[in-house]
Structure formats: structure tokens, C-alpha cells
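Some notes on the structure that comes next.
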Amino acid sequence: MSGGGLLVAGTTSDAGKSVVTAGICRWLARQDVKVAPFKAQNMSLNSFVTREGAEIGRAQAMQAQACRVEPTALMNPVLLKPGGERSSQVVLLGRAVGELSARGYHGGRQQQLLGTVLDCLAQLRSTYDAVICEGAGSPAEINLRRTDIVNMGIARNAGLPVLVVGDIDRGGVFASFFGTVALLSPEDQALVAGFLVNKFRGDVTLLEPGLDMLHDLTGRHTYGVLPFRHGLGIDEEDGLAVSLRGAVRESAVAPPVGEDVLRVAVCAVPLMSNFTDVDALAAEPGVVVRFVDRPEELADADLVVLPGTRGTVRALEWLRERGLADALERRVAEGRPVLGICGGYQILGEHIEDEVESRAGHVDGLGLLPVRVRFAREKTLTRPAGEALGERVEGYEIHHGVADVMGGVAFLSDDSGHSLDGCRVGQTWGTHWHGSLESDGFRRAFLREVAAATGRRFVPAPDTSFAALREEQLDRLGDLIEQHADTDALWRLIESGAPQGLPFIPPGAPA
């Protein structure tokens, strides 16, 4: 027998679907419900590697953590990784299968994937008591409904009740709720059970008359009003938000342990991927992280980070066009710390041979590390572990580039001291490993190195646990659902489906 299910849709992108899904997952897990997340199709440059070596969206990995289960490819069967304005790499069941234009994907390929998506969802529902699905964008994107496999397309085929989330902080939430339902076909409307208001500020009693009128107009229940809380975004799909930075800075954080702070500048390169790597730095008391795109913004930085990117050659050109490449070269000549991660590491090397990602052929790198990179057609997807600066390090790798290290010293080594990855020359560091800074001991050792190199009297806090901060964040999301949503009604939805007899709201989807 299949387990229960729910689709969390949104009136817009960034309405709060990811965090609401994670919050429902954590609330259920705390009730000893065996629960799993699911997002049929995700478009994101922030991805993660499962233990079986599959690539999925980071948001689904964090939602799996909210469920207290290990993430798998079943939880995000289709991942689209933008490579430009009009094309994306298609990752199917954790493996890249090619590049497609938006027209090519929505013109036929997407609909072909519906069977795979439904099979994955069915497998999860046969294993778990409940599967909490996340939609994408809005379910009322009427131009895409025919080929939809992530919103009402999956809800209709799997018989899932739909909860629509709206961000009231943006304004217009009542119109958005009503309009979302009214633009759906009668068959789709029958599955839209009701609404959830997100990011409300103020006295909820002032909102209640509007909720009553919304019920009168639509015949649908509002399942909760979640208050605005700073820093509750789990690993973002895209954008420049640092998901834990807000949470740490806006809560009661201890002051810096030492006399100085450390300033970290992250170059906001095009197609930036896995910028969540710097969350762990932002979680440290006394570390100030900001994204930059001008050379003068590197001047007072104690550490500059070149993050990952889905367009290594394009990012390299961007750095040169903006004068950031020259600023980085001056910085390295002065012995000031620079860290390159994945694509950022490749940029720091001597040259790149790329017939895969950009198809640019031979491209000169910045020449700041003795590394030569060749792009392989098969993507490296691993979850390695090793040592650096005398500390245990764990990470994950997602890259086409293969590095040939010609000098310097290894960044990461095995227990016997043999090189595993990366390169270091002086205070210039490079690694393909994402997530390495989440290893608390290594992060503290690395920050001590940066402080010593820059003459800062900065001391890392001895007890910052990044894993504990993540768990605390997920618990806060679970608290929001438990305290501000009608959990009894939510459970009835998950267990029994959408209520019968929900009224049709004209005009419905255009013919």
C-alpha cells in the first residue's frame, strides 16, 4: 500500500516551498513518521552528491536531513543545471545525460520523463509513511501546463493533495492565492486543498478577516500563518543568499573570541554553483562574509574565495573583464590568502583544455597555481574524506575538470600523507572538494592560517559546530509548522488526500 503524500506548491518562485517542505518533514520526523522529500524536477546550480554517487539538488539533501534519512537520487530524479540563458545540463537519476535548450526540454523531453518521475515517487511512497513533494515556480504557469511534471502534472498523476504557499511579505498574497486556483482546470482545482501564508509580520488577528473572505471565495481552508523569521532559508536553489549567515548574525551570537574579525570576499562569478560552501565560514563568530564583483572590494579582505561555477571559462573571462583577475594576481604576489573551490580552483591554474563545458579548447588560466586542467566528458561524483592541516576533512566532488598538479604541495591527503586532491603554494589554496569547510576542526585550522598570514588577532571559536547549527535551523523550521500550522488538518491531507467537493473557481485554465 502506498504511503501518504502532499505537494507543496507556491504562488511564485521563492514563496517558501523549500523551507515549508523541510519544516513539514522535520515536524513529521519528530512524530516518528517515516517521511521522505521529493522534487520531481529542480533547476539549481547548488547540488550535492549522495552516498551512491548521484547528483541531486542541495535543497532535497537538506530536506532529507530534516527527515533524518539519507538522501538518494529518487528524491530528485531530474536536476537542471543552467549553463547560460537558454540551455541547461540535464541530470537524470543523478547522472548527466546531456545539454538541452529550454525549447528542446519543454518541447518534448520533459514529458518523456514523466514515467521516470512517477516511478521514483511510487518507490518512495512504497517505502515511507509519507512523502512531502515540492513543486517548482507556480502551478498556474499555463504556458507550461501541458508538459508539466513537477506541479499539477505530478499531483494529477499521483493523486496528491496540493497546499499552496504564498509569501505575504511581498504583498498581494490574497490575489495570488485566488488567481492561482482560478487559472487551473477543474481537474487540477479539485486537488488544491488550501493555502499556507508565509512570512507574516504583525498581529495575525488583523489578517483573519481576509482569510475568512478567502475561504468564502474559494471554499478552501488556510492551513496556517507562519511568522517572518530571519535566516530560515535552507541551502538555496540559486541567488546570492548565504543560508546560515543570516541565522547566525541575527541571533544571539557570541562576539569574536580574538580582538579582530576576519573579512572574507567571495567573487560572485557567473553561473556560481555551490556558493553554500562559504556558509560554514559565515557561521563562525567574527568572520564577515560578503559577495563582491569589483576589484577594490578585495583590498581589505583577509581571504578571497573563488567559488565553484558551471561556466569555468566564462567566469575566467568575467574576472579579467572586471579587473578582478589583476587584483587576484597582485594579492597572490603579496602573499595574501586566496582559496579556489572546484571551478575557482581550475581558474587559478596555468591552463584549461575544455571541449566539454564551453568548448573553448585551450584557455590560459590565471597561472597562480601549478595546475593544468582538462575537462573530461564523464563527471566526477564522489564523497571523499582525508586530512588537511592535521585535521579530518570530508567533502564531495562534482566536476568535469581533471587537474594535473605540477608542483606545490597537496591540499588534502590520505592517512599516509599521499595526495588526494588540490594544491597549495604559499597562501594560495585550491581544491575540488565542496563542503570541506563544514569539517569543524579543519575550518578552525584554516582560519588560524589565514589570521597568521594577514596579521589579524582573530581566534576561531573553539566550539562552533556547523552540523549542530544546521540541525538547530531544521528544528526551527519544524517548530514553525508545529506552532503555527493546523497540523491535525495537515496530517489528514497527507493521509487521506484533498477534501471532496471543493468548488470550482472560474474562469479555470484557458482552453
Side-chain angles (χ1 to χ4, degrees), residues 8 16-39 46-51 56-72 75-76 128-130 132 134 226-227 229-237 241-254 274-285 287 289 383 385 391-396 434-444 460-485 487:
V8 178
K17 296 183 293 291
S18 294
V19 295
V20 168
T21 300
I24 293 174
C25 287
R26 177 47 62 100
W27 159 63
L28 288 172
R30 294 197 302 209
Q31 311 307 309
D32 295 324
V33 175
K34 190 179 179 185
V35 58
F38 179 78
K39 186 161 185 174
N46 285 335
S47 57
F48 183 75
V49 179
T50 67
R51 292 210 178 277
I56 66 171
R58 277 198 64 95
Q60 281 61 66
M62 289 297 291
Q63 288 163 354
Q65 185 175 342
C67 296
R68 297 175 176 148
V69 299
E70 191 66 33
T72 73
M75 297 171 183
N76 179 206
Y128 291 89
D129 301 327
I132 308 303
E134 180 188 341
L226 307 185
R229 293 287 187 268
H230 289 291
L232 282 185
I234 63 172
D235 289 6
E236 310 288 348
E237 291 187 355
V242 181
S243 60
L244 280 178
R245 180 173 60 185
V248 170
R249 287 189 175 177
E250 291 159 7
S251 58
V253 177
N274 288 67
F275 55 81
T276 47
D277 282 329
V278 299
D279 282 1
L281 294 177
E284 285 283 350
V287 176
V289 178
R383 289 271 293 272
E391 299 286 348
R392 177 76 172 172
V393 184
E394 295 183 359
Y396 57 99
H434 295 291
S436 62
L437 293 166
E438 296 176 19
S439 298
D440 297 327
F442 165 69
R443 182 180 65 253
R444 288 192 276 268
D463 54 357
T464 300
S465 167
F466 188 71
L469 285 170
R470 274 189 164 163
E471 278 296 303
E472 177 186 315
Q473 188 183 36
L474 292 169
D475 276 332
R476 290 174 67 201
L477 292 175
D479 291 344
L480 275 184
I481 298 298
E482 191 168 330
Q483 296 168 12
H484 300 283
T487 52

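Throughout, residue positions are numbered sequentially from 1 according to the sequence presented. Below, all heavy atoms of this structure are taken into account, side chains as well, without hydrogens, waters or symmetry copies.
Pro71 and Ile56 get closest at one heavy-atom pair: CB-CD1, 3.9 Å. What you find for Gly435 and Asp277 is that their closest heavy atoms are N-OD1, 2.8 Å. In terms of heavy atoms, Pro285 sits closest to Thr464 at CD-OG1, 3.6 Å. Contact record, Ser436 with Val393: CB-CG1, 3.6 Å, taken as the closest heavy-atom pair. Val35 and Leu28 get closest at one heavy-atom pair: CG2-CD1, 3.9 Å. Heavy-atom minimum distance, Ala22 versus Ala66: O-CB, 3.5 Å.
For Tyr396, the side-chain hydrogen bond (donor to acceptor under 3.5 Å, both in side chains) partners are Arg58, Asn274, not counting sequence neighbours. Residues that satisfy the side-chain hydrogen bond (donor to acceptor under 3.5 Å, both in side chains) test with Ser47, not counting sequence neighbours, are Glu55, Lys81. Under the side-chain contact (heavy atoms from CB on, under 4.5 Å) criterion, Ala385 pairs with Arg392, Glu394, not counting sequence neighbours. Taking the side-chain hydrogen bond (donor to acceptor under 3.5 Å, both in side chains) definition, one finds that Arg30 meets it with Asp475, Asp479, Glu482, sequence neighbours left out. Applying the side-chain hydrogen bond (donor to acceptor under 3.5 Å, both in side chains) criterion to Thr72, with sequence neighbours excluded, gives no partner residue. Among residues two or more places apart in sequence or in another chain, the side-chain contact (heavy atoms from CB on, under 4.5 Å) test is passed with Thr487 by Trp27, Ile481.
Note that the CG atom of Leu477 and the CZ atom of Arg229 stand 11.5 Å from one another [nearest 0.5 Å]. Rounded to the nearest 0.5 Å, atoms CZ (Phe48) and CE (Met75) are 11.5 Å apart. The distance from the OG atom of Ser18 to the CD atom of Gln60 is 6.5 Å, given to the nearest 0.5 Å. Going from atom CG of Leu437 over to atom CG of Leu281 covers 5.0 Å, rounded to the nearest 0.5 Å. With values rounded to the nearest 0.5 angstrom, Glu284 atom CD is found 9.0 Å from Leu469 atom CG. Rounding to the nearest 0.5 Å gives a distance of 9.5 Å between CD of Gln63 and CG of Leu474.
Of the possible donor and acceptor atoms, one in the side chain of Asn76 sits under 3.5 Å from a partner among the backbone N and O of Lys39. Of the possible polar contacts, none joining the Arg443 side chain to the Pro460 backbone as a donor-acceptor pair under 3.5 Å is found.
Within the 4.5 Å cutoff, side-chain heavy atoms of Phe466 are placed close to those of Asp279. Between Glu471 and Arg26, some side-chain heavy-atom pair lies under the 4.5 Å cut-off. Here the side chains of Glu438 and Arg470 are in contact, with some heavy-atom distance below 4.5 Å. Residues Ile24 and Thr21 have side chains not in contact (no heavy-atom distance under 4.5 Å, counting atoms from C-beta outward).
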